[in-house]
Amino acid sequence: MQIIHTVAELRNALKSQTSVALVPTMGNLHAGHIHLATLAKQQAQCVVVSIFVNPLQFGANEDLASYPRTLDADCEKLKAAGVDIVFAPNVQEMYPNFNAATNDLGQTMIISAPPIAKELCGASRPGHFDGVATVVMKLFNIVMPQVAVFGKKDFQQLFIIRELVRQFNLPIAIIAGDTIREASGLAMSSRNGYLSQEQKTNAATLNTCLKQIVDSIYQGNTDFIGLEQAAAQNLNSNGWLTDYISIRSARTLSPASKEDTALVVLAAAKIGNTRLIDNIEFTRI
Ligand code: PAF
């Protein structure tokens, strides 16, 4: 497995490759990421995993500085998973016009994500999806993969990346990997490492709440707003600070109507200082 830090070296390493799959990550890898790398391996001869903590997708009061950077351990896991290339650029390499010391964008060009990016996670993380779309577009242009793999845990991100590919006519197939969970139901996330043992036990209630909503809809409940409010109250009374719980069309991500059958229930909530997200996609018959 090659570990590459510059665009020029990466382009050189990929020169003779005709079948490339990309898995973009921010590192601190867990079983969910390894699942994505395994899916990528089934799609292409050469698998590139990028590891880059993207400053453009973090808000001023978020965890950019403390986000775990664990390159050596990550590379061990990726080597064991049969990954061919790790691309781990620094901020200067990715954003030559960005001043990392002052967090000043300077003349950096940024993609403006569509209005749906201002809802759900985007409502409390302004600019987050502009930052995601920008880095993903850059990675696509650098690696030029035929396939790229993203996790379904970040459902809104996946939706926006599919739109990026569609609206910018990129010849890249997007593959979605299922969320990998702890035995408790807690979705694996790089941010789970911030949780104390007690918080981790409690964190599984986020998934339980979503499952209860899905069950209730299966039983014929169409009072979506009532369900969202009751679930938020339930979480808040269990020590969470709910950001949103929202039942949406899985096709358009707009608020679900009674006629929609392809649905997704999404949530974001804080436990202590840690913000976690989860979702369940399901079909109403
Ligand atoms: O999902 C992530 O880890 C990041 O948002 C991504 C897609 C690697 C872009 O920085």
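In what follows, residues are counted from 1 in the order of the sequence shown. In listed order, ligands and their atoms are each counted from 1.
- Only the backbone of Thr25 comes within 4.0 Å of ligand 1, counting heavy atoms alone; no side-chain atom from C-beta on gets that close.
- Against a heavy-atom cut-off of under 4.0 Å, Pro24 is close to the following atoms of ligand 1: 8 (C).
- Note on residues 159-180: pairs passing side chain to side chain donor-acceptor pair (under 3.5 Å), not counting sequence neighbours, are Lys152-Asp178, Glu163-Arg166, Glu163-Gln167.
- Asn141 and Lys138 share no side-chain donor-acceptor pair at under 3.5 Å.
- Considering every non-hydrogen atom in both Trp240 and Ala269, the closest pair reads CE3-CB, 3.3 Å.
- Residues Glu228 and Val265 are not in side-chain contact: their nearest non-hydrogen atoms beyond the backbone lie 4.5 Å or more apart.
- Of the protein's non-hydrogen atoms, the one nearest atom 9 (C) of ligand 1 is Gln57 OE1, 3.3 Å.
- For atom 7 (C) of ligand 1, the nearest non-hydrogen atom of the protein is Gln157 NE2, 3.4 Å.
- For His30, the ring pair (Phe, Tyr, Trp, His ring centres under 6.0 Å) partners two or more places apart in sequence, or in a different chain, are His33.
- Listed by number with element, the atoms of ligand 1 under 4.0 Å from a non-hydrogen atom of Val135 are 9 (C), 10 (O).
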